[in-house]
Chemist: 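Supplied in structure tokens, the structure appears directly below.
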2 protein chains.
Amino acid sequence: MGQPLSSSGNDGPDIRILDAAERLFMEHGYEATSTRMVTRDAAVNLAAVNYYFGSKEGLMQAVLRRRLDWLNRERLHLLDAAETEARGAPLKPSLIVDYFFGTLLRMGARPETGGQTFQRLLGRTHTEPAAFISTFLASEYADVVNRYKSALCRALPDVPREEIVWRFHFMLGATAYAITGTDSLQLITDWKMEEDVQVQAQKLLARLMSFLLGGLRAPLPQSRSA
Amino acid sequence: MGQPLSSSGNDGPDIRILDAAERLFMEHGYEATSTRMVTRDAAVNLAAVNYYFGSKEGLMQAVLRRRLDWLNRERLHLLDAAETEARGAPLKPSLIVDYFFGTLLRMGARPETGGQTFQRLLGRTHTEPAAFISTFLASEYADVVNRYKSALCRALPDVPREEIVWRFHFMLGATAYAITGTDSLQLITDWKMEEDVQVQAQKLLARLMSFLLGGLRAPLPQSRSA
DNA sequence: GTATCTTTCAAACGTTCGTTTAACTTCATG
DNA sequence: CATGAAGTTAAACGAACGTTTGAAAGATAC
């Protein structure tokens with residue numbers, strides 16, 4: 001285990017800062033979250049953010065890296081194992097989609113990996129305008145996205161690579177929006193409060209997987225029309 | 001025509017402020033955009049934002065309202081006309097999806113309705129954390145979303161209403177992410193620069209429609225498994 | 001116990017923020 | 001021309017921002 005993933009309550013100051021920042025960045029976004037809010041919630045001195053993470057930008061990167069490193073390593077392990085077992089044969093699209101998006105959604109049901117908090121933060125972070133965030137995400141995702149794009153191309157040999165890339169983009173957008181759970185349009189008004197977070201996540205996963213696979217395997221758009 | 005939609009270059013100060021704010025909010029987000037940046041780009045005095053729009057929040061709402069009022073009115077007109085012509089028969093799902101999402105994408109190809117700038121701003125705005133933005137969007141979308149949800153339920157009588165709502169949510173997420181064009185993961189690296197904005201928008205529309213319809217008509221997830 | 005390194009702390013740094021004020025200009029109307 | 005509303009302006013307001021500082025406190029090794 002490289003870095004600690006849990007927040008058992010009596011952690012060091014740096015972990016408490018990461019936990020507080022994760023929640024506040026998720027709730028208010030990067031710009032609207034001040035270092036004073038973070039240090040107050042983490043019960044540390046104002047200077048602690050700069051002492052441990054250098055700057056507010058460094059804190060944001062540390063918050064994302066703590067979970068993303070684990071997530072993308074898991075994604076690569078699953079794909080590696082499946083491709084090794086398949087001995088060069090193409091994988092099923094449903095398996096590839098489940099490894100990439102299902103791993104993220106199952107992560108949200110486990111509190112020791114940040115639970116829903118990190119899920120919602122990550123979904124929102126994909127549309128954060130700050131340049132350093134885009135750069136950071138691109139470097140964190142570079143390997144895993146290329147691997148999954150290649151796997152999808154082998155799994156769907158009749159679909160042009162350009163189309164695969166676009167549909168990966170669409171799947172990412174649907175997932176990012178679904179896990180943020182902001183629901184600014186209040187489309188989802190019937191949250192069952194009696195259900196625990198595991199059941200909710202499982203139902204969302206099943207629904208999202210059906211949608212993503214339906215979109216991924218949809219007939220190609222005709223290039224010339226209208 | 002209620003309010004002017006174009007920016008011919010020699011408009012009044014309030015229109016110049018809206019144009020500048022639309023571009024800056026799109027590029028940097030709401031929080032990272034200051035009233036000083038807006039007034040500098042619009043070539044007006046610093047106090048003009050408060051004079052014309054009351055506050056920075058009022059400016060943001062005016063920026064969104066200028067385009068959203070037109071967009072959602074158009075969406076309702078198209079649905080009204082089609083339902084009148086159908087005389088109570090359910091509409092084709094592809095038609096409903098095209099009216100809702102296609103109208104938005106076609107809007108982006110026309111400079112007089114804000115073009116890509118408003119499209120990208122709107123996609124990003126759906127995930128803005130500020131509470132007043134969620135409230136504003138909810139009120140702007142309330143009517144049109146309810147009408148389209150009902151139309152989809154009639155068009156797909158075998159799909160439970162709850163499932164329709166979720167898939168509408170997924171479609172919205174895929175579309176919002178696609179039109180922001182932020183591409184923080186640099187998935188889309190092969191933008192054809194020689195193609196004009198109309199051709200790009202048309203290709204995106206065709207691709208997105210295939211994906212959305214594939215997801216909307218996907219087989220339902222089995223409720224009990226694993 | 002002394003020396004050395006790490007961590008914590010209150011206080012302040014300079015800058016930028018959204019907003020307000022009051023004086024000034026513009027300009028159509030009587 | 002006189003009047004008053006509408007628009008514009010420079011200047012300033014208090015508050016909050018990210019970051020830095022230097023000293024105090026704590027921990028570790030000899």
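So that the names make sense, note that chain A is the first sequence line, chain B the second, and so on, each numbered from 1.
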Chemist: Output the rounded distance in Å from CG (Asp14(B)) to C1' (dG7(D)).
Modeler: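 Taking CG of Asp14(B) and C1' of dG7(D), I get 11 Å after rounding.
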Chemist: Could you pull out all residues at least two apart from Asn50(B) that satisfy side chain to side chain donor-acceptor pair (under 3.5 Å)?
Modeler: none
Chemist: Return the value, rounded to whole Å, for the distance between atom CG of Asp11(A) and atom P of dT7(C).
Modeler: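 That distance rounds to 16 Å.
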Chemist: Do the side chains of Arg67(A) and Glu140(A) get close enough for a salt bridge, i.e. N-O under 4.0 angstrom?
Modeler: no
Chemist: Roughly, in whole Å, what's the span from OH in Tyr52(B) to C1' in dT20(C)?
Modeler: 17 Å
Chemist: Any chance the rings of Phe211(B) and Phe101(B) have centres within less than 6.0 Å?
Modeler: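 Not close enough - the centres of the two rings lie 6.0 Å or further apart.
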Chemist: How would you summarise protein contacts on nucleotides 11-25 of chain D per nucleotide, using B for base, S for sugar-phosphate only and - for none, with heavy-atom distances below 4.0 Å?
Modeler: -B----BBBBB----
Chemist: Using atom CG of Leu59(B) as one end and atom P of dG18(C) as the other, report the distance to the nearest whole Å.
Modeler: 10 Å
Chemist: How many Å lie between OH on Tyr51(A) and P on dA11(C), as a whole number?
Modeler: 21 Å
Chemist: Should Asp19(B) and Arg66(B) count as an ion pair when the cut-off is N to O under 4.0 Å?
Modeler: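 Counted as a salt bridge, because a side-chain N and a carboxylate O are separated by less than 4.0 Å.
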Chemist: Hey, which of Thr127(A), Thr125(A), Thr180(A) is the one that makes side-chain hydrogen bond (donor to acceptor under 3.5 Å, both in side chains) with Thr127(B)?
Modeler: Thr127(A)
Chemist: Please name all residues satisfying side chain to side chain donor-acceptor pair (under 3.5 Å) with Arg106(A), sequence neighbours left out, ordered by chain then number.
Modeler: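 Partners of Arg106(A) under the side chain to side chain donor-acceptor pair (under 3.5 Å) test: Asp98(A).
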